[in-house]
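Inspection log for the structure reproduced underneath, given as structure tokens.
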Amino acid sequence: MLKLLPRRPSPHKTLTLDPAKPFISLSRFLSHSLSEDQYEYDPPFSPVSKPPKPKKNKTQNKDPDTKNEPTRPLKSDLPFDFSYSYSETNPKVEPIAFRESPKFSPFGPGRLDRKWTGTVAPTQQEVDLNRVAEERIRVLGDPLTEEEVAKLVERYRHSDCARQINMGKGGVTHNMLDDIHNHWKRAEAVRVKCLGVPTLDMDNVCFHLEDKSGGKIVYQHINVLILYRGRNYDPKNRPVIPVMLWKPYTPIYPKLVKNVADGLTFEETKELRNRGLNSPPVMKLTRNGVYVNVVDRIREAFKTEEVVRLDCTHVGTSDCKRIGVKLRDLVPCIPLLFKDEQIVLWRGKRDQEQDSKCRDRSDKFADA
């Protein structure tokens, strides 16, 4: 059976040397084998060299007119001064120094037609409040009925809502306004969840949200808000809101706690501070918590105590000072000490004077 099959020729030739001329035959064999291998050997995946692409001249594609055209500053018709935070800053308090030069605007160089003063970018034109109020009424349209409000609340009040904005210790910031209008492109309302220091005064947060965005708050539950855009809102005609490129450094403000409280001597101030540190805390606050009922609790404690203490462990030094500033204006009270994340508050002498007056009046009525 093996004899019937033809013998397969070997691809390699055998070397036969001529005994008379061995070196000539060897050289001929090597040259012949190399020439055949050069033309016959073709690997299946041999790399193919691609021709080099011609280099494009970048200067030819550019338009000389657009290259030399200067960047125009962005113009906004919003009727209020631009600031990093609208709810957590008080424009009436002037800073005593800046941590960075007011020449550097957080909106970027040449991107805004307003001049940055270090804290705000004021408007360059006079504001007609009547025209602004009329335009807002036109955008809001007719008030929502109870059924429409119930539908909006049921749609946006849940925690898994896609149209949600989280508000932190910065409060109502400038870039948040741009986020609100971006949500309003595809949704009638947006859910705002507030945490941290701004929750001490939710009325202030609601006011600035409505005033700066032009919307209407249709629902509030503790720290959750639903902001409605209005019936006649047109996303194509939304206001121009330039974006802040970075957060400006907080300026240096006057000292919050004095060495000696007003109306007291040094010894009396020291005694009140020690009494406050040794007293049990009224509340224990957590970081980025909900502080809605803190003001009422402190007012209630001041009815029986002259000095109270707040335990702000793990809250942070900066947040402790922010809390003290807000409580000073909301309660009202006098901060005496910020130490080891503990806040000591004094109710002041006004309550003592009122108590003495009430006692004098009661004594007069008793004598009569």
Please check: side-chain N/O of Ser87 versus main-chain N/O of Val172, any donor-acceptor pairing under 3.5 Å?
yes
Over all heavy atoms of both residues, which pair between Leu74 and Pro242 is shortest? Give the atoms and the distance, please.
CD2-CB, 3.7 Å
Between Asn223 and Lys193 (side chain of the first, backbone of the second, donor and acceptor by atom type, cut-off under 3.5 Å), is there such a pair?
no
What verdict does the salt bridge (Lys or Arg N to Asp or Glu O under 4.0 Å) test give for Arg138 and Glu135, after you've listed the backbone C-alpha separation in whole Å, the side-chain angles of each residue and the deciding distance to 0.1 Å?
CA-CA 5 Å; Arg138 185 193 67 80; Glu135 179 65 18; 2.7 Å; yes
Does the ring center of Phe107 lie less than 6.0 Å from the ring center of His174?
yes
If only atom types and distance count, is the side chain of Asn232 paired as donor or acceptor with the main-chain N or O of Leu140 below 3.5 Å?
no
Kindly work out whether a path of hydrophobic side-chain contacts (I/L/V/M/F/W/Y, heavy atoms less than 4.5 Å apart) joins Val120 to Tyr249.
no
Hey, what do you get for CG (Leu177) to NE2 (His208), rounding to the nearest 0.5 Å?
11.0 Å
Would you give the length of the straight line joining atom OH of Tyr84 to atom OG1 of Thr173, rounded to the nearest 0.5 angstrom?
6.0 Å
If every non-hydrogen atom of Leu327 is compared with every non-hydrogen atom of Ile298, which pair is closest and at what distance?
CD1-CD1, 3.6 Å
Spatial distance of atom CD1 (Ile241) from atom OG (Ser213) [nearest 0.5 Å]
8.5 Å
Relative to Tyr86, does Lys212 satisfy both conditions: NZ or CZ under 6.0 angstrom from the six-membered ring centre, and within 45 degrees of the ring's axis?
yes
Using 30° and 60° as the class limits, which term best fits the ring planes of Tyr219 and His221: parallel, tilted or perpendicular?
parallel
Residue pair Asp234, Lys185: steps toward the salt bridge (Lys or Arg N to Asp or Glu O under 4.0 Å) verdict
CA-CA 8 Å; Asp234 186 8; Lys185 284 182 180 179; over 6 Å; no
Distance only, no hydrogens: is a donor on one side chain within 3.5 Å (strictly under) of an acceptor on the other, for Asn204 and Asp201?
no
Pair Gln124-Arg114, side-chain donor/acceptor within less than 3.5 Å
no
Distance-only donor-acceptor check, side chains Asp311 and Thr313, under 3.5 Å:
yes
Compute whether any side-chain donor of one residue and acceptor of the other, for Asn182 and Arg163, lie under 3.5 angstrom apart.
no
Salt-bridge test for Glu88 and Lys169: reply yes if a basic N is under 4.0 Å from a carboxylate O, no otherwise.
no
